[in-house]
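Structure record follows, encoded as structure tokens.
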Amino acid sequence: MRIARTINENYVKSRVPRGFNLSAARAVQRRLSALVVEKPLSESRFVAGLDVAYVGNTAVAAAVVVDSISKSVMDSAIIYTRVDFPYIPTLLSFRELKPMVMAYKSLGRTPHVVMIDGHGIAHPYRLGIAAHFGVTMRVPTIGVAKSLLYGECDVGADASPILDPATGDQLGAVIRCGAGVGPTFISVGSLVSLPDAVRLTRELCVSSVMPLPILMAHRLANKAKKSVKPQ
DNA sequence: GCGACAG
DNA sequence: ATCTTGTCGC
């Protein structure tokens with residue numbers, strides 16, 4: 001089944017907080033996206049996964065490092081922080097980047113690559129949260145999402161490229177991690193190649209739409225969330 | 001014309 | 001994402 005999505009900028013504009021300069025944000029996204037580097041990974045054994053859960057305006061961000069050989073957890077970290085910016089499609093990093101960076105920095109071990117719950121360059125301005133993280137932190141990142149934000153692809157296929165409807169450029173790939181599981185959307189964040197991103201994601205997808213590192217981070221964040229005072 | 005839109 | 005019960009499937 002072929003799907004295609006574009007963004008309604010008026011909808012985005014209607015949700016932006018009073019005083020937020022949207023065109024300036026778009027300019028920043030365009031400028032940073034030019035810094036995205038696509039290259040093969042030199043090492044990919046230790047893979048971190050990042051995810052964020054919420055209790056009101058408190059973000060609970062978790063980072064988990066998985067050994068892709070043994071599939072075991074090598075390290076993990078959780079941080080809690082207040083967020084003020086709302087969720088708005090195409091502006092996710094303005095809400096979640098800081099919590100993710102804090103969780104990442106709390107790790108005691110430096111992973112070879114970071115998988116992030118969200119898109120990389122499969123974004124109307126080529127700067128999804130995984131690309132934003134990779135460019136600002138200067139570490140290899142891969143964007144892995146459960147649904148498409150921008151682009152067109154065939155979700156029925158075993159593997160299909162995600163194309164930019166405006167330019168025809170390839171933005172990423174959508175794959176199936178198994179029968180009965182939904183599609184997994186993959187795109188480069190920075191400092192990795194798409195083939196490496198797809199290979200590593202396939203390797204770490206164990207009967208789930210999400211790869212092990214992100215899945216573990218998701219569970220950890222949700223577990224930690226339970227001990228946060230409701231607001 | 002209305003609706004859809006990573007998390 | 002989060003708010004929420006029971007219910008269907010493996």
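Computed from a predicted model, the values in this text were never measured in an experiment. Throughout, protein chains are lettered first and strands after them, A, B, ... in sequence-line order, and every chain is numbered starting at 1.
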Take atom CG of A/Asp51 and atom C1' of B/dA6, then tell me their distance rounded to the nearest Å. 12 Å
Is the distance between the ring centroids of A/Tyr150 and A/His123 less than 6.0 Å? no
Mind checking A/Tyr54 for me? I need base, sugar-phosphate or nothing, with any heavy atom below 4.0 Å counting as a touch. sugar-phosphate
Hey, does A/Leu91 reach any base, or is it just sugar-phosphate, or nothing, if we go heavy atoms under 4.0 Å? base
Would you mind reading off the distance between A/Phe94 atom CZ and B/dG7 atom C1', rounded to a whole angstrom? 15 Å
When hydrophobic residues are tied together by side-chain contacts of less than 4.5 Å, even through go-betweens, does A/Ile129 share a cluster with A/Ile142? no
If you draw a 6.0 Å radius around NZ in A/Lys71, do more than 12 non-hydrogen atoms from other residues or ligands fall strictly inside? yes
For atom CD1 of A/Ile116 and atom P of B/dA6, their distance in whole Å: 17 Å
Could A/Asp51 and A/Arg219 be called an ion pair, given the rule that one side-chain N must be under 4.0 Å from one carboxylate O? no
Check whether the side chains of A/Arg26 and A/Thr90 place a donor and an acceptor atom closer than 3.5 Å, and report yes or no. yes
Note, DNA chain C 5' to 3' with Watson-Crick or G-U pairs under 3.5 Å encoded as ( ), [ ], | and . gives ..........
Between atom NE2 of A/His132 and atom OH of A/Tyr125, what is the distance when rounded to the nearest 0.5 Å? 15.5 Å
Write down the protein N/O and nucleotide N/O pairs, taken from nucleotides 5-10 of chain C, whose separation is under 3.5 Å; answer none if there are no such pairs.
none

Using a cut-off of strictly less than 4.0 Å between a heavy atom of the residue and any atom of DNA chain B, enumerate the qualifying residues of residues 206-219 of chain A by number. none
Rounded to the Å, how far apart are A/His132 NE2 and B/dG7 C1'? 16 Å
What is the distance from CZ of A/Arg15 to P of B/dC5, rounded to the nearest Å? 12 Å
In terms of heavy-atom contacts, A/Arg126 and A/Asp169 come closest through NH2-OD2, 3.4 Å
Using a 4.0 Å heavy-atom cut-off, does A/Asp117 contact any base of the nucleic acid, only the sugar-phosphate backbone, or nothing at all? sugar-phosphate
Report yes if a side-chain nitrogen or oxygen of A/Lys146 is closer than 4.0 Å to either non-bridging phosphate oxygen (OP1 or OP2) of B/dG7; otherwise report no. yes
Whole angstroms only, please: what is the CD-C1' distance between A/Glu96 and C/dA1? 8 Å
What closest approach, in Å, do A/Ala130 and A/Thr141 show between heavy atoms, and which atom pair accounts for it? O-OG1, 2.8 Å
Between C1' on B/dA6 and CD on A/Gln29, what's the gap in Å once rounded to a whole number? 12 Å
The nucleotide from B/dG7, C/dT2, B/dA6 with an atom nearest the side chain of A/Asn222 is C/dT2
Would you tell me if any nitrogen or oxygen in the side chain of A/Lys225 comes within less than 4.0 Å of OP1 or OP2 on C/dA1? no
In whole Å, what is the span from the NE2 atom of A/His119 to the P atom of B/dG7? 6 Å
Under the 5.5 Å and 30° test, is A/Tyr150 stacked on the base of B/dC5? no
Spatial distance of atom OG (A/Ser160) from atom CD1 (A/Ile175) [nearest 0.5 Å]: 11.5 Å
Taking 4.0 Å as the cut-off, does a side-chain nitrogen or oxygen of A/Ser147 come that near to OP1 or OP2 on B/dG7? yes
Any A/Tyr87 side-chain N or O less than 4.0 Å from OP1/OP2 of B/dA6: yes
Please determine whether the number of non-hydrogen atoms from other residues, nucleotides or ligands lying under 6.0 Å from atom NZ of A/Lys105 exceeds 12. no
Against the six-membered ring of A/Phe20, is A/Arg15 placed for a cation-pi contact (under 6.0 Å from the centre, within 45° of the normal)? no
Under 4.5 Å between side-chain heavy atoms, counting indirect links through other Ile/Leu/Val/Met/Phe/Trp/Tyr residues: same cluster for A/Met210 and A/Val114 or not? no
How about A/Arg30: does its CZ atom have over 12 heavy atoms from other parts shown lying under 6.0 Å from it? no
Could you tell me whether A/Ala53 contacts a base, only the sugar-phosphate backbone, or nothing, with contacts defined as non-hydrogen atoms closer than 4.0 Å? sugar-phosphate
Against the side chain of A/Pro89, the closest entry in C/dT2, B/dG7, B/dC5 is B/dC5
